Amino acid sequence: MIRAVRSDEVDAFFDLTLLVDLHLPADQLPALKDTIAAALADVRPPFSHSLNHFLFATLDDRPVGAVHVGPARWMLDRSIPARIRRVLVEKVSSIDTIAVHSDHRR
C-alpha cells in the first residue's frame, strides 16, 4: 500500500531515507531531519505536506519504502524572478528521494 507519511513517523521516514546516498556530510543530517519534520507538520489535503509529498510503501502496515517529491532546488534560486519561481514551485515537482529497504527490493 502507498500512503502519506504522518508527522509522528519522521524517524521511520528518515531511517529509510538514509539508505540512499544523500551526498551530505554527517553534521548536516540533523538539520535535514528537522526540515523533514517541519514539512511533515504542514499537512494539506489530500496527501500533501505543503509543497512536498512524503510517501511510504508499506507491507503489513510496516514502512518498507519511502519517496520524497517536491520542488527541485534550482526552482528556489533567488536569481529567478519571484513570479516565475512561484509558478514553477506550485506547478512542477521532482522526485528527490526513493529508498526501499534491501529486503523488499525488486
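These numbers were taken from a predicted model, which means no experiment stands behind them.
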Are any non-hydrogen side-chain atoms of L55 and V69 less than 4.5 angstrom apart? no

Taking ring pair (Phe, Tyr, Trp, His ring centres under 6.0 Å) as the cut-off, I'd like each qualifying pair that reaches into residues 59-93, sequence neighbours left out, listed once. F54-H68

Could you walk me through whether L19 and L16 satisfy the side-chain contact (heavy atoms from CB on, under 4.5 Å) test, starting with their C-alpha distance in whole Å, then the side-chain angles of each, then the deciding distance to 0.1 Å, before giving a yes or no? CA-CA 5 Å; L19 294 174; L16 280 168; 3.7 Å; yes

Do the side chains of R3 and T58 get nearer than 4.5 Å, heavy atoms only? yes

Which heavy-atom pair separates P63 from A12 by the least distance, and what is that distance? CG-CB, 4.5 Å

Value for CG (D8) from CG (L40), rounded to nearest 0.5 Å, stands at 9.5 Å

Judged by modelled atom types alone, do H104 and R62 share a side-chain donor-acceptor pair under 3.5 Å? yes

Between R105 (side chain only) and V100 (backbone N and O only), is there a donor and an acceptor less than 3.5 Å apart? yes

Begin from the C-alpha positions of V67 and D96 and carry the test side-chain contact (heavy atoms from CB on, under 4.5 Å) through to its verdict. CA-CA 8 Å; V67 174; D96 182 65; over 6 Å; no

The remaining residues in the hydrophobic cluster of M1, counting side-chain heavy-atom contacts under 4.5 Å among Ile, Leu, Val, Met, Phe, Trp and Tyr, are none

Common cluster, I80/L76, ILVMFWY with side-chain heavy-atom separation under 4.5 Å: yes

Looking at CD1 of I36 and CG of L32, how far apart are the two atoms once the value is rounded to the nearest 0.5 Å? 4.0 Å

Sequence-distant partners of D11, side chain to side chain donor-acceptor pair (under 3.5 Å), two or more places apart: K33

Taken to the nearest 0.5 Å, the spacing of D61 CG from F56 CZ works out to 12.0 Å

Hydrophobic clusters here meaning ILVMFWY residues chained together by side-chain heavy-atom distances under 4.5 Å, can you tell me if L59 and I98 are in one? no

Could you check whether any side-chain heavy atom of D103 comes within less than 4.5 Å of a side-chain heavy atom of V64, counting everything from C-beta outward? no

Applying salt bridge (charged side-chain N to carboxylate O under 4.0 Å, His left out) to R85 and E90, what does each step give before you reach the verdict? CA-CA 9 Å; R85 209 171 50 240; E90 290 175 356; over 6 Å; no

In the structure I gave you, are the side-chain heavy atoms of M75 and V92 within less than 4.5 Å of one another anywhere? yes

Can you list the steps and then say if T97 with V20 is a side-chain contact (heavy atoms from CB on, under 4.5 Å)? CA-CA 8 Å; T97 306; V20 298; 3.9 Å; yes

If we ignore hydrogens and angles and just use 3.5 Å, is the side chain of E9 paired with the main-chain N or O of R6 as donor and acceptor? yes

